[in-house]
Amino acid sequence: NAGVTQTPKFRVLKTGQSMTLLCAQDMNHEYMYWYRQDPGMGLRLIHYSVGEGTTAKGEVPDGYNVSRLKKQNFLLGLESAAPSQTSVYFCASNEQGPTYQPQHFGDGTRLSIL
Amino acid sequence: KNEVEQSPQNLTAQEGEFITINCSYSVGISALHWLQQHPGGGIVSLFMLSSGKKKHGRLIATINIQEKHSSLHITASHPRDSAVYICAVPDSGGGADGLTFGKGTHLIIQP
């Protein structure tokens, strides 16, 4: 069982470049989330989705865009990467939201912006 | 927005010791999560609890809703328990928002 799969696992970008991080889940979950993790800080919510075709902003959405065209996929885009976006990015999913169920996490994407 | 505080930030103990990690939050909630982040970076959910106590193997989680406090205990600790333990609560006390996380407790168990 794959669970939540993130691609790529590592990436180095130059300032101003764009890229898309892919999150795929095979559990038919409605809710999907993107978090970033920085040293000395807890994970912070970037964007989330409560179902196919829906997206919403989290705590730190600036500089990122997301799309949920298919239920199983949640894409995180950086249009013009900045060094402040150097971080480890985690995708998570669950069926009924964080109040009712644990979240299932991917293994993370380590992104460096030079 | 809920504020989540964990203590201690770092903890080093000897194999076999009883471990306690604490979590407090500022706004009433309906559920609290404990997660484990492995040295390799992966995150797994350990517990979700809304009252009382839950036990899984050597791990025990308790919560006191009135005092806005939860604890994670590890009995008979082992080097393989070395990890970062993270407490998290739903962002808005309910609904579809994600989680608000504590900064984590870095636990090292020495043989």
Side-chain angles (χ1 to χ4, degrees), chain A residues 2-6 9-10 23 27 29-51 54-61 64 66 68 74 76 87-111, chain B residues 1-7 9-10 21 23-51 54 56 59 61 63 65 72 83-106:
Chain A
V4 178
T5 303
Q6 293 184 230
K9 297 191 185 307
F10 305 94
C23 177
M27 297 169 284
H29 285 166
E30 290 291 339
Y31 294 76
M32 297 186 74
Y33 312 84
W34 276 108
Y35 297 98
R36 61 177 288 173
Q37 185 177 41
D38 301 296
M41 305 186 72
L43 288 113
R44 293 180 292 169
L45 181 65
I46 304 171
H47 286 278
Y48 64 98
S49 169
V50 302
T54 75
T55 63
K57 295 180 179 180
E59 180 185 356
V60 289
Y64 305 96
V66 287
R68 183 103 180 264
F74 194 28
L76 178 71
S87 189
V88 181
Y89 292 85
F90 287 94
C91 177
S93 73
N94 66 0
E95 178 57 26
Q96 293 182 310
T99 300
Y100 305 105
Q101 282 191 337
Q103 294 184 3
H104 298 257
F105 285 81
D107 289 336
T109 295
R110 188 173 298 274
L111 183 61
Chain B
K1 178 173 163 60
N2 224 326
E3 300 293 330
V4 180
E5 296 289 335
Q6 284 186 238
S7 63
Q9 291 185 7
N10 298 283
I21 298 169
C23 174
S24 61
Y25 50 93
S26 58
V27 178
I29 57 169
S30 54
L32 180 142
H33 300 252
W34 281 102
L35 305 104
Q36 180 191 55
Q37 186 167 24
H38 301 296
I43 299 172
V44 295
S45 178
L46 297 174
F47 296 102
M48 189 184 79
L49 67 167
S50 56
S51 65
K54 285 191 175 181
H56 184 258
L59 299 178
I63 188 168
I65 295 293
L72 178 68
V84 177
Y85 292 85
I86 303 169
C87 170
V89 299
D91 261 342
S92 57
D97 291 358
L99 295 170
T100 296
F101 296 82
K103 294 181 180 179
T105 295
H106 189 191

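Letters A, B, ... are given to chains in the order of the sequence lines, protein chains preceding strands, and every chain is numbered from 1. This structure is a prediction, so every number in the text was calculated from the model and none was measured.
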Handout entry: Most contacts with chain B, counted as non-hydrogen pairs under 4.5 angstrom, among Ala92(A), Ser49(A), Pro102(A)
Key = Pro102(A)
Exercise for the section: Would you sort out whether Val4(A) and Phe90(A) count as a side-chain contact (heavy atoms from CB on, under 4.5 Å), showing the intermediate values? Expected result: CA-CA 10 Å; Val4(A) 178; Phe90(A) 287 94; over 6 Å; no
Handout entry: Side-chain heavy-atom pair Gln103(A), Ile43(B) within 4.5 angstrom cut-off
Key = no
Exercise for the section: For chain B, find which of His104(A), Met41(A), Arg110(A), Glu59(A) contributes the most heavy-atom pairs closer than 4.5 angstrom. Expected result: Glu59(A)
Handout entry: Least distance between heavy atoms, Asn2(B) atom then Thr100(B) atom
Key = O-CG2, 3.4 Å
Practice task
Please say whether more than 12 non-hydrogen atoms of neighbouring residues, nucleotides or ligands are located less than 6.0 Å from CD in Glu95(A).
Solution key: yes
Fill in the blank from the handout: Under 4.5 Å to a heavy atom of chain A? For Leu46(B) that would be neither
Handout entry: Under 4.5 Å from a heavy atom of chain A, the part of Ile86(B) involved
Key = side chain
Practice task
Would you mind reporting whether Leu99(B) and Tyr33(A) have side-chain heavy atoms less than 4.5 Å apart?
Solution key: no
Problem - Heavy-atom contact with chain B under 4.5 Å, split by part of Glu30(A) - result: neither
